[in-house]
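Residue numbers start from 1 in every chain, and the chains themselves are labelled A, B, ... in the order their sequence lines are given, proteins ahead of strands.
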Amino acid sequence: MRSPVPACPCPPRIDAARRLWHPPADIQGTKMNLFADIRSLVVASLEDMVASGALPAGLDMTNVAVEPPRDAAHGDMATNAAMVLAKPAGMAPRAIAEALAARLAGDPRIVSAEVAGPGFLNLRLTAESWRGVVKAALGAGRDFGRSAMGRGTKVNVEFVSANPTGPMHVGHTRGAVFGDALAALLDFAGHEVTREYYINDGGAQVDVLARSAYERYREANGLSPEIAEGLYPGDYLIPVGEALKAKYGVSLLDRPEADWLTEVREFATEKMMEMIREDLALLGVKMDVFTSEKAITASGKIEEAIETLRGMGLIYDGTLEPPKGKLPEDWEEREQTLFKSTAFGDDVDRPVKKSDGSWTYFAPDIAYHWDKVSRGYDLLIDVLGADHGGYVKRLKAVVAALSNRRVDLEVKLIQLVKLFKNGEPFKMSKRAGTFVTLRDVVEQAGADVTRFVMLTRKNDAALDFDFDKVLEQSKDNPVFYVQYAHARVCSVLRKAAEAGIAADDATLAAADHGKLAHEAEIALAKKIAEWPRLVEIAARGQEPHRIAFYLYELASDLHGLWNRGNEDASLRFIQDDPSTAQAKIALARAAGVVISAGLGILGVTPAEEMR
RNA sequence: GGCCCCGUAGCUCAGGGGAUAGAGCGACCGCCUCCUAAGCGGUAGGUCACAGGUUCGAAUCCUGUCGGGGCCGCCA
């Protein structure tokens, strides 16, 4: 009787990697990041040189970098130390490099240190160093690459924040995917992250929603709806009308708006938020906090925030210059209550009160950001559509003012998603019924494809989303390429089990990795070694797309090694000798672990099998 | 008029002070008796929009120009 093949040990669900995480003490710091380790070695050596008088005192080492060289022929790592320090030290770069090379050569991890070009120091590391990375990856599992970089930093990532007046569309989808991946990335880099959704339920648009829903309510009661110009015509409000009928019967019919507006507004808004939560769930996005604009307003926080600013001398009554260029038809000069955002780098001061004395849209935003500041975050991130670019400076000004410049606000603008179908631009129009919702996209393309495609572009570059390419699920689609690499690793593990080779992570971590000696194998280990470094670079730049590109490269290296096995049987992972096999499988599994962790950050499922 | 983003191979895009600028697609030539060919190897393809400047060093930073997109009080 054959024993059943054990399931791939990769965690099948993505949730586990995405929850809030605090690094245990033993993997805090940088000891799993070989590039950081060697940089520490370089800096320590430079400090020794200072101590011994070989270099002058007082040098700033912050620009000293240890990086993978562009050309692998140059070695494993390169440092710019000599070039960076040449000028402040008043010495020739090559002289510094030579002296540094002599010191580094004494380290057991360093095979060679050669001066090259204008003063680069090219380092080669022992194969044993790279094998150590495989062991570390297997020991840490999907925690390999986690960083303590953000330790002690509380970050609030506000994203989506779609108006609760209808279903989410493609533009929201990109913002949702980006914000969620950014939050996961910052979490992985050791920050304490809150995912937050700001519900714009306080403005005139929810009154419009209420009136639109009321017409559907009339319709549900057998009357013909009057969807006037300016109301939301979408079918998605029909069920809301029916639900209103179920709750209120005929009691709201033939009553003045003032009698039903508040109740219908709250009812419809809640229904819209239910729908939006379902949409987010389809994408695999889970918020930690929903904050209501209406609640902020009702709590009196707007007045508090404005009075706080007034106390700082940043609120005054005045008039603004008319905008340059084309003047609005109905422009007239009016006195408004203004926030002195120019004191914090804005171009003009911004109105917080309209001429009729009511708050502008900006006022609740002031209160909301004040609320976020008061919740003790060290960093606020707003993920907004690119059409909100004009609000960035005033928002930054608010946060700077209300936090005494303690809290930084980063605004990540999400550029347009351009839809294509049959190679032609696909215009969206609510009226023409060609309105593409998040649900449309996810139901057709799947959450994994949607997420990965939207993360293979910088947030500030426009994204072409071609339905045909995505629906084809062709090999053009990088998500399959990466998932397939992971599936191949799982396949190797299944084969190992069939062959009776123990291949659990603990066994693999303890395998005789000295059997990994071929340059193609060491090359893959080197790529794996870059992962912890990449995580920190991506997190520092708040650029989750870097994860996607790295995973593609890692998958490419794994596929390459796999195919080498076709020509050279000694490069296959499954070998007759169990000890040799375990060493090779360990390498594959280490790559799989990193792919799994990286896809976890992106919110994409690491497929175990693809046929 | 002002502010923000973008301009890199035929196409879609990475790289954003460092060495000979990369990938995918498309084109061309190869690779399945073999752990999954949704894979791999190779060839061809560049004035990094343009002009100045900073620097030992610029696709990368600064200024300007050109081209594309977005935004600019009493909407949200």
Side-chain angles (χ1 to χ4, degrees), chain A residues 63 65 67 69-71 73-74 78 80 83-84 86-87 92-93 116-120 122 163 165 200 202-206 208 293 319-326 328 330-334 336 338 346-348 350-351 353-356 358 360-362 364 385-393 413 415-416 456-458 460-464 466 469 473-478 480-481 483-485 487-496 498-499 541 545-546 548-549 552-553 555-556 558-567 569 571-575 581 584-585 588 607 609-611:
Chain A
N63 287 330
E67 302 169 319
R70 189 154 60 192
D71 187 343
H74 292 144
N80 62 354
M83 290 181 292
V84 169
K87 196 169 187 179
F120 285 103
N122 290 330
N163 284 343
T165 56
N200 288 113
Q205 77 279 4
V206 283
V208 175
E293 176 189 349
T319 55
L320 291 173
E321 297 281 310
K324 300 271 195 268
K326 59 168 184 177
D330 55 348
W331 171 270
E332 23 178 317
E333 195 166 273
R334 295 213 176 139
Q336 297 164 304
L338 300 167
D346 202 356
D347 307 306
V348 291
R350 304 294 178 173
K353 258 187 191 177
K354 303 174 196 170
S355 50
D356 68 1
S358 61
T360 62
Y361 166 78
F362 183 40
D387 55 345
H388 289 69
Y391 290 85
V392 173
K393 285 183 180 176
L413 295 178
Q415 275 291 347
L416 239 51
T456 48
R457 207 103 315 172
K458 288 183 291 195
D460 49 13
L463 168 75
D464 290 346
D466 190 320
K469 279 188 184 166
Q473 305 203 341
S474 74
K475 63 178 180 176
D476 303 2
N477 205 323
F480 295 109
Y481 186 86
Q483 286 180 310
Y484 184 46
R488 277 181 151 175
V489 172
C490 293
S491 174
V492 165
L493 295 174
R494 287 190 295 266
K495 290 284 176 188
E498 285 173 11
H545 74 275
R546 290 181 186 268
F549 281 94
Y552 190 90
E553 291 169 13
S556 176
L558 184 81
H559 288 312
L561 181 57
W562 182 287
N563 276 70
R564 292 286 290 270
N566 292 338
E567 306 144 20
L571 287 177
R572 291 182 201 162
F573 301 110
I574 303 296
Q575 298 285 332
K584 311 240 181 207
I585 296 166
E609 190 170 13
M610 295 168 81
R611 294 284 176 183

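Nucleotide B:rG17 holds its P atom 18 Å from the NZ atom of A:K87, rounded to whole Å. Rounded to whole angstrom, the span from the CE atom of A:M83 across to the C1' atom of B:rA58 amounts to 14 Å. As a whole-Å value, the separation of A:L571 CG from B:rG41 P is 14 Å. A:Y361 places its OH atom 12 Å from the P atom of B:rC74, with the value rounded to the nearest Å. Distance, A:D356 CG to B:rG73 P: 16 Å, rounded to whole Å. Going from atom CG of A:N563 over to atom C1' of B:rA38 covers 12 Å, rounded to whole Å. Atom-to-atom, CZ of A:R350 to P of B:rC71 comes out at 15 Å; the value is rounded to the nearest Å. When the C1' atom of B:rG39 is taken as reference, atom CZ of A:R611 falls 13 Å away, rounded to whole Å.
The base of B:rA19 lies close enough to the side chain of A:N122 for a donor and an acceptor atom to sit less than 3.5 Å apart. Within 3.5 Å, no donor on the side chain of A:D347 pairs with an acceptor on the base of B:rG2, nor the reverse. Judged by distance alone, with hydrogens and angles left aside, A:R572 brings a side-chain donor or acceptor within reach of the base of B:rC34, the pair sitting under 3.5 Å.
Using a 4.0 Å heavy-atom cutoff across all strands shown, A:A588 reaches no nucleic acid atom at all. Across all strands shown, A:A116 has heavy atoms under 4.0 Å from base atoms, whether or not it also approaches the sugar-phosphate. Within 4.0 Å (heavy atoms only), A:I574 reaches at least one base atom of the nucleic acid. No engagement by A:G389 is indicated, since no non-hydrogen atom pair under 4.0 Å with the nucleic acid exists. Among the atoms of the strands shown, none is found under 4.0 Å from any heavy atom of A:N200.
Here the separation of B:rG17 from B:rC62, taken at their P atoms, is 10 Å to the nearest Å. Nucleotides B:rU8 and B:rA58, compared at atom C1', are 14 Å apart to the nearest Å. Taking the C1' atoms as reference points, B:rA21 lies 11 Å from B:rA14, given to the whole Å. Going from the C1' atom of B:rG30 to that of B:rA44 covers 15 Å, rounded to whole Å. Atom name P, nucleotides B:rC35 and B:rU43: the rounded distance is 28 Å, in whole Å. For the C1' atom pair drawn from B:rA9 and B:rG22, the interatomic distance equals 10 Å after rounding to whole Å. B:rG53 and B:rC40 have their C1' atoms separated by 47 Å, given to the nearest Å. Taking atom C1' on both nucleotides, B:rU20 is separated from B:rG24 by 22 Å, rounded to a whole Å.
Between A:H74 and A:F120, every side-chain heavy-atom pair lies at or beyond the 4.5 Å cut-off. Side-chain contact between A:N163 and A:N200 is present, with at least one heavy-atom pair separated by less than 4.5 Å. Using a 4.5 Å heavy-atom threshold, the side chains of A:V208 and A:T165 count as separate. For the pair A:F549 and A:P478, the minimum side-chain heavy-atom distance is 4.5 Å or more. Looking at A:F573 and A:V489, their side chains never come closer than 4.5 Å, going by heavy atoms from C-beta outward.
Of the listed nucleotides (B:rG39, B:rA19, B:rA38), B:rA19 has the atom at the smallest distance from the side chain of A:F120. The A:Y484 side chain lies nearest to B:rU36 when the options are B:rG18, B:rC34, B:rU36. Closest to the side chain of A:V492, from the set B:rC35, B:rC5, B:rA38, is B:rC35. When distances run from any side-chain atom of A:V84 to the nucleotides B:rC40, B:rC74, B:rG18, the shortest one goes to B:rG18. Taking the side chain of A:P118 as heavy atoms from C-beta on, and the options B:rG18, B:rG39, B:rG73, the nearest nucleotide is B:rG18.
For the pair A:H559 (side chain) and A:Y484 (backbone), a donor-acceptor distance under 3.5 Å is absent. For A:Q575 (side chain) and A:A569 (main-chain N/O), a donor-acceptor pair under 3.5 Å exists by modelled atom type.
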So what's the dot-bracket for RNA chain B: Watson-Crick or G-U pairs under 3.5 Å, [ ] if a pair crosses, | if it pairs off-strand? (((((((..((((....[...)))).(((((.......))))).....(((((..]....))))))))))))....
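Partners of A:E609 under the side-chain contact (heavy atoms from CB on, under 4.5 Å) rule, at least two apart in sequence or in another chain, are A:R494, A:R611.
Between A:A548 and A:T456, the shortest heavy-atom contact is CB-CG2, 3.9 Å. In plain terms, the two heavy atoms of A:P351 and A:L320 that are nearest each other are CD-CD1, 4.0 Å. The minimum heavy-atom distance between A:A496 and A:I574, with the atom names listed, is N-CD1, 3.7 Å. Among all heavy-atom pairs drawn from A:K393 and A:D347, the shortest one is NZ-OD1, 3.2 Å. The minimum heavy-atom distance linking A:C490 with A:A607 is given by the pair SG-O, 4.4 Å.
Take the nearest nucleotide of RNA chain B for A:D460 and for A:G565: the residue whose nucleotide is more 5' is A:D460. Comparing A:D387 and A:R70, the nucleotide of RNA chain B nearest to each residue sits closer to the 5' end for A:R70.
Residue A:R488 places at least one side-chain N or O under 4.0 Å from the OP1 or OP2 atom of B:rA37. Of the side-chain N and O atoms in A:Y552, none sit less than 4.0 angstrom from OP1 or OP2 of B:rG15. Not one side-chain nitrogen or oxygen of A:W562 sits closer than 4.0 Å to the OP1 or OP2 atom of B:rC34. For B:rC75, one of the phosphate oxygens OP1 or OP2 lies less than 4.0 angstrom from a side-chain nitrogen or oxygen of A:K354.
Using a 90° window around 0 for the glycosidic torsion, B:rC40 falls outside it and is classed as anti.
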Footprint string (nucleotides 8-14 of chain B, 5' to 3'): B base within contact, S backbone only, - free, heavy atoms under 4.0 Å: ----SSS
